[in-house]
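Please see the structure below; I have some questions.
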Amino acid sequence: MASASNNESVLEEIRAQVKSYHFPLDEVPRLNCHDPRAERLIQNEEPVILTDTNLVASALQWDANYLGEHIGNSNYTVYFSNTHKFLYYDDKKISKVPSFVPPTRHQDLTFQEFLRKMNKWKNGDPWMYLQQSLNNTVGPRIVQDFTAFNWTWVTEQQRKNKWGPLTSNLLLVGMEGVITPVHYDEQQNFFAQIHGYKRFLLFEPGMFPCLYPYPVYHPHDRQSQVDFDNPDFEKFPKLPELRGQQAILAPGDVLYLPVYWWHQVESVPERGMTISVNFWYKSAPTEKVVYPLKPQQKVAMMRNIEKMICDVLVNVEEVGPLMQSMVLGRYT
Ligand SMILES: CC1(C)c2ccccc2-c2ccc(C[C@@H](CC(=O)O)C(=O)C(=O)O)cc21
Ligand SMILES: [Zn+2]
């Protein structure tokens with residue numbers, strides 16, 4: 001296990017190597033999980049990098065060969081993209097947008113087939129990202145490592161924060177340099193880094209007006225329309241107000257990624273493939289609505305209003321005009 005100090009020096013190197021954007025980035029706090037400040041940040045639903053959780057200590061030996069040897073020969077979902085960006089889309093919403101062209105495609109491959117493609121990858125080939133729920137079809141050795149995760153710690157966190165059930169653990173194996181563009185999820189997330197380095201850009205839920213998400217009915221629901229590498233300040237005039245935080249994760253680090261927080265995730269270039277496992281939990285049910293509403297609650301409310309208007313109008317072309325006639329000259 002790398003000592004804390006040379007982990008810190010590698011992190012410093014990476015901070016100097018990574019790309020900067022048009023918006024300012026603070027650093028997400030990096031704290032020992034026993035530090036009371038860490039507990040407070042989690043209770044306040046603010047991101048924090050947790051060290052010494054041992055959450056995935058049993059998996060720190062995972063690398064391409066180990067997984068290739070022990071993960072078994074069941075199929076895994078491998079996404080392919082002509083660029084290094086993997087924009088998520090919801091198949092079920094494509095019917096609502098006939099002109100939609102999926103930016104990625106996926107194929108079921110055994111882990112060994114995925115590794116073979118990785119080893120003979122050359123410039124011009126599509127980029128690849130393996131993403132698969134960890135389930136009981138994996139080989140016995142991986143089951144053993146998975147069983148040895150620090151479930152005591154993470155289950156205690158789930159209880160203390162009154163989260164709902166664990167919904168899934170995604171195994172993520174990415175080529176160096178791949179990017180999951182900025183989006184938000186509707187679940188609490190403990191993101192465990194196992195191999196290689198990942199850089200998160202994080203934006204609080206209140207940054208919603210600066211990130212211009214696609215309509216809820218769109219296949220890219222929950223994703224921002226903004227391309228950070230080519231920001232369109234005319235189309236998105238509130239972009240200059242965007243500011244965020246950065247978290248660079250080393251193997252063994254766990255990022256608490258609060259529900260509704262926007263994030264863009266990059267497998268740090270030239271630092272090899274990345275292996276991660278996330279832990280998605282249903283968020284705690286809102287006990288009593290307290291005013292003023294939290295930004296997360298406003299996002300949830302806006303989603304419900306959009307869904308209702310789309311259901312009633314059926315033709316999504318009518319949604320914009322109706323919402324504009326509601327606010328233009330009346331609330332603006
Ligand atoms: C890009 C990809 C492979 C994908 C393709 C198609 C459908 C879904 C997804 C999906 C979902 C989650 C992640 C993990 C992570 C981002 C990261 O680590 O890259 C993240 O956002 C989170 O843990 O919340 C990655 C993906
Ligand atoms: Zn996500």
Side-chain angles (χ1 to χ4, degrees), residues 18 28 45 47 49 55-56 76-94 100 102-109 111 114 118 126-134 154 163 166-205 207 211 213-214 218-224 228 244 246-251 253-269 271-283 296 299:
V18 290
V28 170
E45 295 196 278
I49 302 171
L55 179 56
V56 293
Y76 289 84
T77 311
V78 178
Y79 291 89
F80 295 87
S81 171
N82 293 331
T83 74
H84 61 301
K85 294 183 180 176
F86 285 75
L87 201 52
Y88 165 76
Y89 66 90
D90 181 344
D91 276 308
K92 297 184 294 300
K93 297 186 176 176
I94 294 186
F100 181 73
T104 59
R105 55 203 172 285
H106 54 84
Q107 201 182 350
D108 282 349
L109 299 176
F111 202 89
F114 168 65
M118 288 267 280
W127 299 67
M128 298 180 286
Y129 206 151
L130 183 145
Q131 181 249 53
Q132 179 69 42
S133 275
L134 272 177
V154 74
W163 292 348
L166 173 72
T167 58
S168 69
N169 291 105
L170 280 189
L171 170 67
L172 298 144
V173 182
M175 289 173 62
E176 59 186 19
V178 296
I179 289 185
T180 302
V182 57
H183 68 280
Y184 67 88
D185 299 300
E186 297 177 271
Q187 302 197 55
Q188 302 285 7
N189 186 349
F190 274 127
F191 190 96
Q193 189 55 20
I194 287 170
H195 184 84
Y197 295 83
K198 265 186 173 175
R199 177 206 194 181
F200 280 70
L201 305 180
L202 300 170
F203 307 91
E204 62 189 57
M207 285 286 153
L211 284 165
Y214 283 89
H218 193 283
H220 286 325
D221 173 27
R222 293 186 290 113
Q223 328 279 321
S224 168
F228 283 166
Q246 164 177 278
I248 296 176
L249 302 186
D253 289 344
V254 174
L255 172 69
Y256 167 52
L257 175 54
V259 62
Y260 288 116
W261 272 67
W262 296 83
H263 47 289
Q264 171 155 311
V265 190
E266 175 181 2
S267 292
V268 177
R271 293 270 173 177
M273 77 186 318
T274 55
I275 301 174
S276 321
V277 170
N278 72 11
F279 293 65
W280 264 324
Y281 290 88
K282 282 219 181 303
S283 196
Q296 293 87 324
V299 173

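Order of listing sets the numbers, starting from 1, for every ligand and every atom in it. Keep in mind that this is a model prediction, so the values were computed, not measured. The chain is numbered in sequence order, starting from 1.
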Does NZ in K282 sit with more than 12 non-hydrogen atoms of other residues, nucleotides or ligands closer than 6.0 Å? no
Nearest heavy-atom pair of L172 and K198: which atoms, and what distance?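 Closest pair (atom of L172, atom of K198, distance): CB-NZ, 4.2 Å.
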As a quick check of understanding, evaluate side-chain contact (heavy atoms from CB on, under 4.5 Å) for F111 and V173, giving each step before the final call. CA-CA 10 Å; F111 202 89; V173 182; 4.0 Å; yes
For atom 18 (O) of ligand 1, what is the nearest protein heavy atom, given as residue, atom name and distance? K198 NZ, 2.9 Å
Give me the residue, atom name and distance of the protein heavy atom closest to atom 15 (C) of ligand 1.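 The protein heavy atom lying closest is F191 CE1, 3.9 Å.
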When you measure from atom 25 (C) of ligand 1 to every protein heavy atom, which one gives the shortest distance, and what is it?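 So the nearest neighbour among protein heavy atoms is L172 CD2, 3.6 Å.
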For ligand 1, which atoms sit closer than 4.0 Å to a heavy atom of F86? 1 (C)
Atom 20 (C) of ligand 1 has as its nearest protein heavy atom H263 NE2, 3.9 Å
Taking both backbone and side-chain atoms of N189, is any N or O found less than 3.5 Å from an N or O belonging to ligand 1? yes
If you measure from the Lys or Arg side-chain nitrogens to the Asp or Glu carboxylate oxygens, is any gap between R271 and E176 under 4.0 Å?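 Here R271 does not pair with E176 in a salt bridge, since their nearest N and O are not under 4.0 Å apart.
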Can the ring centroids of F86 and Y129 be said to lie less than 6.0 angstrom from one another?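 Yes; Y129 has its ring centre under 6.0 Å from that of F86.
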What protein heavy atom sits nearest atom 17 (C) of ligand 1, and how far off is it? Y129 OH, 3.2 Å
Is H183 near ligand 1, meaning one of its heavy atoms is under 4.0 Å from it? yes
Out of curiosity, is E266 lining ligand 1, as in a heavy atom under 4.0 Å away?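 The answer is no: ligand 1 sits nowhere under 4.0 Å from a heavy atom of E266.
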For F190, the option from V56, V254, N169 that meets side-chain contact (heavy atoms from CB on, under 4.5 Å): V254
Classify the ring geometry between W262 and Y184 as parallel (under 30°), tilted (30 to 60°) or perpendicular (over 60°). perpendicular
Quick test: of every protein heavy atom, which one is nearest to atom 2 (C) of ligand 1, and how far off is it to 0.1 Å?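 Ranked first by proximity to atom 2 (C) of ligand 1 is Q131 NE2, 4.3 Å.
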Please work out which of L255, L171, D185 has its closest non-hydrogen atom nearest to atom 24 (O) of ligand 1.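 Minimum heavy-atom distance to atom 24 (O) of ligand 1 goes to D185.
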Minimum-distance protein heavy atom relative to atom 7 (C) of ligand 1: Y88 CD1, 2.8 Å
What orientation do Y89 and F100 show, parallel under 30°, tilted 30 to 60°, or perpendicular over 60°? tilted
Once rounded to 10 degrees, what value does the angle at the Zn ion (ligand 2) take between OD2 (D185) and NE2 (H263)?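 Here the angle at the metal atom is close to 90°, to 10°.
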Enumerate the atoms of ligand 1 whose separation from the nearest heavy atom of T180 is less than 4.0 angstrom. 1 (C), 16 (C), 17 (C), 19 (O)
Please confirm whether W280 approaches ligand 1 to less than 4.0 Å, judged on its heavy atoms.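 For ligand 1, residue contact (heavy atoms, under 4.0 Å) with W280 is present.
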When you compare the side chains of Q132 and T77, does any donor N or O come within less than 3.5 Å of an acceptor on the partner? yes
Aromatic ring proximity, centroids under 6.0 angstrom, W163 and Y256: yes
